[in-house]
Trainee: 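Attaching a single structure in structure tokens format; questions to follow.
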Amino acid sequence: MSVKRASLDFTKRWVFASPNSSEIVSRQISTGGYLHEKKKAYFDKRWMRQAGKPLPWKLYKEPILASNRRKTWEYPVSDTDKASWKHSRWFDQYSQRWIPFHPRAQGFDINYKRKREALFDAENLQQLFPLLLDNHNYKKYIIRPFNHQFSTTNMSYFYQHLTHTKYVHGLPYQVENATVSKEEIDNLERVVQDSLLYTSMHSDENDSLKKHEQKKQILTRIFQYLVSSQISENEFLENSIVDYDANNSMFWFRGRGFLKWTKSDDLPVAYQSHDSPLLQIRSDKQLSNFSNTAGNFSMSGEIPTFYTTPHVLGVPRDQYRNSISAGYRMFVGNQYVNYQTALNDERLGDLVPPIRTDQPYGHTQLHLLPHDYSRDWYEDGMEHGDITNEIEEHLKANGIMSGWVWNAAQAHFDMHWMDNDIAQPYCSQTIVTDGQWLSFFCYQLNTIAIDPDNIESNSMRNLCYGKTSVKLYEISPDGAIEVNQEALELLMKFISTGAARHRHLADDSEATEAHDLTLPVQEPDPENPALECQKPLHKVELEKELARQKEEESNSAKQLAESAQPEEEVTMPKRLLRILGSKR
Amino acid sequence: MNSVLPKQHVLFVQNSIQSVFAKTVSPAVIIPCRKRVYYGSGKHKGGMIGRYGRRKYPPNWRVVNFNPAQIPKAWKPLDWDEKNRIDYEYESKLAQYIPGYKPKVAPHMREDHHDEPMHAIDNDTCSSYGFPQALALTKSVVVEGGLPAKLQELQKSLPNPEDKVIKIMQNALLFDVDSWMVDTKNAVKRYKFDNFRHPTPERYCPRILKEFVRLCDAHICRVSDKYHDRFNMHNLPCKTWFQRAEKTSENVDILDVLYDWKVSINVKPFMQLLSKNPLSLFATPDEVEETKNRELVSIYPKLLIHGIKPTHNYTPEHTTGFLETWHKPHLHTVVLNTAGDHSSKKTMGRMLFHLFCALHSRAVQQYGETPQVLAKPLAAQAIASDGRQFYAMTFQLNTTDLKDDTGVKNMVWTSAPLTDNLQIEDQYAPTLLFDECSPLLSYYPDYYHGYSPDAFATFQALWLNDVL
């Protein structure tokens with residue numbers, strides 16, 4: 001009696017591509033990843049249904065071991081990566097789709113520290129970012145770096161809270177004390193003069209977009225001159241690359257709050273920010289610290305905290321793809337497609353590893369404020385009252401957020417995340433401008449572990465040094481252009497950060513510490529912690545100035561009163577007094 | 001996959017009668033209908049496709065046939081002309097009674113109307129006529145032997161930082177993220193984000209050119225202090241017009257065909273390098289005299305103005321784009337972004353028109369409108385690139401007298417080798433910066449191949465000409 005048995009053709013499990021698979025794959029690529037055109041998979045055979053099951057070790061020991069053997073084409077991309085241990089994904093013939101071999105995310109939850117330990121198993125960015133970013137498919141707050149429609153005052157305090165940043169008025173020691181020669185300044189002034197002269201000839205005051213384009217041209221020209229003139233002086237610029245119209249993004253958690261009715265109400269709140277600088281210079285070397293991380297300055301100081309939901313501040317909320325990017329691709333070489341082509345060509349041995357960019361560290365970025373921004377808009381008008389005090393706040397907030405986004409994205413590109421904090425701080429510089437007014441910021445990223453699980457045991461604060469509203473030029477009614485020497489000096493100092501002649505400044509830790517202690521720090525008012533009650537430095541100074549003026553006025557009035565002869569008292573009837581009393 | 005599809009019995013609507021005679025029917029004719037791509041027709045059809053379950057709209061609009069009835073493109077409703085006819089009398093009446101109303105005026109009634117037509121060459125159209133026609137129209141002859149000897153020496157003598165050029169190339173083509181593709185507003189689909197899209201020439205070409213300029217400027221700053229004698233300008237408009245006549249034996253007297261035309265050129269180069277001092281000339285006066293003996297390129301049987309549209313509404317003017325008080329008026333180099341051009345012939349034509357326009361407007365400002373042989377010729381250079389192909393050209397304007405084909409002619413030098421037969425397409429071989437550069441190159445360790453250092457060497461030689 002013959003027993004009918006299903007033929008178990010397990011060899012199919014190991015065949016990655018059949019002869020006509022090249023056709024299938026090429027069709028996949030050309031349709032841009034549409035997978036729904038495929039035929040439905042019918043597993044009507046027993047061996048088909050069992051194809052996905054793990055193979056018994058006894059029978060299939062040798063093929064399993066063979067598949068685990070490392071291939072020549074699998075190399076680590078950087079020093080921090082481990083080598084991948086097997087194919088990243090394989091093509092399933094039956095369901096006709098790619099099946100990835102990412103680290104198993106069983107029980108993975110990005111919201112809890114103990115449930116996201118699988119992140120440590122990631123070997124490279126291609127495995128880390130899907131785990132880190134694609135597992136939070138809920139709404140998040142979208143933070144704009146420059147937001148002149150922010151609903152309340154003191155925006156920079158709020159952004160300090162979001163990025164856990166200590167804001168310092170003034171510039172760091174190594175930038176402040178950098179030396180700039182007179183000749184360099186004069187040459188830069190000539191470039192600025194020339195470009196401004198040209199635009200003053202072709203200006204149309206009513207067309208803001210045209211003016212915006214001209215501002216772009218002026219600034220790119222100035223920066224191209226700055227970079228090309230300083231290349232021989234500064235080794236950081238020697239191998240630098242300038243990115244135009246880049247897009248930086250950052251996704252992070254801060255504070256706890258409500259996420260969804262079906263979830264517990266103390267989950268970490270997600271934030272996403274997209275930043276688009278006009279141009280950014282990146283280099284092959286990392287800038288040295290602006291302040292000592294070991295010293296007290298990076299670990300002390302109070303950061304404002306707000307327990308209200310950002311909803312009430314008018315921050316929009318949306319649900320879409322989370323992304324982290326520093327404006328460039330970290331490494332290049334499409335592993336999946338290249339592997340498939342090499343497989344089809346039977347040239348797996350010739351397959352090359354991905355390459356990594358040589359310029360991963362930021363040096364300076366330049367932000368041009370949007371075309372509808374104007375300082376006059378803040379003045380008293382039909383739309384709102386006088387909010388000129390908020391100009392500084394908005395600029396400071398922009399400096400903080402841009403610095404955070406760029407530096408934190410760089411840190412993530414180096415395989416760091418909230419549970420795997422950075423060891424060496426990331427430093428870069430930001431210049432925010434509307435064409436005429438320049439604001440200078442230096443950001444030092446000391447920590448990215450600022451999510452609610454890690455923040456309590458974290459004593460580090462990020463640092464942002466800033467100097468706002470320096471006028472670049474002034475055009476008098478005659479048409480003569482006056483360029484501000486201070487702005488030129490600052491521009492030159494920023495671009496020459498890291499030069500060999502300033503090495504001694506960066507290495508002098510004692511002087512740096514002493515310099516930091518002299519700078520005023522923006523801290524919240526402990527008695528009135530609400531956002532509206534804060535008083536930034538410029539408001540305090542303005543109040544003092546007003547009080548001084550008032551005092552002077554009253555003093556002069558007193559003196560006048562003393563010097564003048566006393567008036568004779570007029571006696572009037574009570575009724576008349578009652579009528580005139582309000583006017584007197 | 002279509003070839004593998006099984007034979008089907010009743011599939012068609014239109015061909016059902018024919019299928020009676022043909023026993024086996026293969027789907028050779030595909031009936032255009034929306035359902036081929038529209039998956040979500042029923043409430044429960046389509047299943048879980050995409051993020052939002054059942055799909056409401058077809059996923060790929062390129063595949064949808066919006067015109068199943070094959071209605072021709074030129075069709076319009078019968079009353080279209082009647083409805084869209086402008087009543088100019090009524091317009092003038094409206095203007096009479098409504099304050100601030102701008103009436104539509106008939107073309108022949110406008111202020112800039114002239115009886116004599118002008119053949120207008122635009123920034124968009126200047127590449128559509130080709131190099132031979134541009135040569136004939138501007139009365140120029142090509143000097144054989146490639147670029148001038150001075151530039152060829154510079155190409156060899158200047159240091160070529162190859163590793164930096166390769167870094168620039170890699171950063172523009174491999175590591176660059178197009179900000180247009182990044183999802184910042186919940187607008188880009190997930191598959192677009194995941195799949196690698198090769199950066200477009202519109203993105204990487206200006207980036208490569210700007211970085212090349214930066215490299216060259218760094219060299220100038222290092223070597224001399226002449227950086228401030230020059231000024232780099234983007235998108236500066238430039239306008240000129242001239243009279244051209246064709247008097248050759250091939251002309252036949254046909255009724256209503258003129259051989260005397262007004263031609264205007266109106267261009268906007270991507271980059272213009274202006275300098276304080278004029279560029280030194282490429283040809284000696286003797287060589288200029290020798291051009292009298294050379295003949296112009298013939299594009300017979302085409303007319304010189306073939307394809308250039310005449311207009312009666314125009315304002316004849318010569319502008320260089322800036323005021324006369326500007327202290328760096330001389331043209332040094334024009335850099336063009338020719339990402340849209342599809343043949344070398346057209347790119348070369350575009351370069352010549354740009355150079356001629358810029359120099360002719362300057363010559364008219366110096367010597368007046370009367371056509372003449374210039375006492376001091378003007379010279380300029382041009383570089384055109386789409387990020388991969390690089391062309392170089394130098395031009396010397398010897399005469400503005402274009403009413404006659406004889407006499408002194410203008411001179412052109414090109415980096416691309418030339419042959420006698422000008423009718424062949426794509427005979428000008430550009431210098432390639434690279435052959436291929438893409439993350440999809442599986443077998444090249446730096447993801448590019450065919451890199452040639454000549455492209456940057458040529459760029460540098462032109463940019464640094466007359467500086468060092």
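As the structure is a prediction and not an experimental result, all values here were calculated from the model. Residue numbers begin at 1 in each chain, while the letters A, B, ... track the order of the sequences.
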Trainee: Is any side-chain N of the basic residue among B/R207 and B/D176 closer than 4.0 Å to the acidic one's carboxylate O?
Mentor: yes
Trainee: Pick whichever of B/H327, B/K167, B/R222 has the most heavy-atom pairs under 4.5 Å with chain A.
Mentor: B/K167
Trainee: Identify which part of B/Y444 has an atom lying under 4.5 Å from any heavy atom of chain A, answering side chain, backbone, both or neither.
Mentor: backbone
Trainee: Using non-hydrogen atoms only, which part of A/V242 is less than 4.5 Å away from chain B: side chain, backbone, both, or neither?
Mentor: both
Trainee: Of the backbone (N, CA, C, O) and the side chain (C-beta and beyond), which part of B/Y443 lies under 4.5 Å from a heavy atom of chain A, both, or neither?
Mentor: both
Trainee: For a quick check under 3.5 Å, do A/N248 and A/Q280 share a side-chain donor-acceptor pair by atom type?
Mentor: yes
Trainee: Between A/Q319 and A/K139, do the side chains contain an N or O donor and an N or O acceptor separated by less than 3.5 Å?
Mentor: no
Trainee: Taking side chain as everything from C-beta outward and backbone as N, CA, C, O, which of these in A/S240 sits under 4.5 Å from a heavy atom of chain B? Side chain, backbone, both or neither.
Mentor: both
Trainee: Is there a donor-acceptor contact under 3.5 Å linking the side chains of A/Q365 and A/H367?
Mentor: yes
Trainee: Under 4.5 Å heavy-atom distance to chain A, tell me which part of B/K210 shows up: side chain, backbone, both or neither.
Mentor: both
Trainee: Tell me, side chain or backbone of A/D245 under 4.5 Å from chain B's heavy atoms, or both, or neither?
Mentor: both
Trainee: Inspect the contact between A/D243 and A/R282 and indicate whether a charged nitrogen and a carboxylate oxygen are less than 4.0 angstrom apart.
Mentor: yes
Trainee: Using 4.0 Å as the upper bound for N to carboxylate O, is an ion pair formed by A/D194 and A/R221?
Mentor: no
Trainee: Please classify the contact of B/D217 with chain A as side chain, backbone, both or neither, using a heavy-atom distance under 4.5 Å.
Mentor: both
Trainee: Heavy-atom pairs under 4.5 Å with chain A: which of B/Q170, B/R203, B/H219 has the most?
Mentor: B/R203
Trainee: If you count heavy-atom pairs under 4.5 Å with chain B, which of A/N239, A/D350, A/T357 comes out on top?
Mentor: A/T357
Trainee: Assess the residue pair B/Y448 and B/F434 against the criterion (ring pair (Phe, Tyr, Trp, His ring centres under 6.0 Å)); give the C-alpha distance rounded to whole Å, side-chain angles, the decisive distance to 0.1 Å, and a yes or no.
Mentor: CA-CA 7 Å; B/Y448 70 86; B/F434 55 89; 8.4 Å; no
Trainee: So which part of B/I168 gets closer than 4.5 Å to some heavy atom of chain A, the side chain, the backbone, both or neither?
Mentor: both
Trainee: Which atoms of A/I231 come close to chain B, meaning under 4.5 Å heavy atom to heavy atom: side chain ones, backbone ones, both, or neither?
Mentor: side chain
Trainee: Between the main-chain N or O of B/P329 and the side-chain N or O of B/R362, is there a donor-acceptor pair closer than 3.5 Å?
Mentor: yes
Trainee: At a heavy-atom distance under 4.5 Å, which candidate from A/Q359, A/Q217, A/Q224 has the highest pair count against chain B?
Mentor: A/Q217
Trainee: Please report the shortest heavy-atom distance between A/H274 and A/N247, naming the atom on each side.
Mentor: CB-OD1, 4.2 Å
Trainee: What part of A/E238 is in contact with chain B, defined as an atom under 4.5 angstrom from a non-hydrogen atom: side chain, backbone, both or neither?
Mentor: both
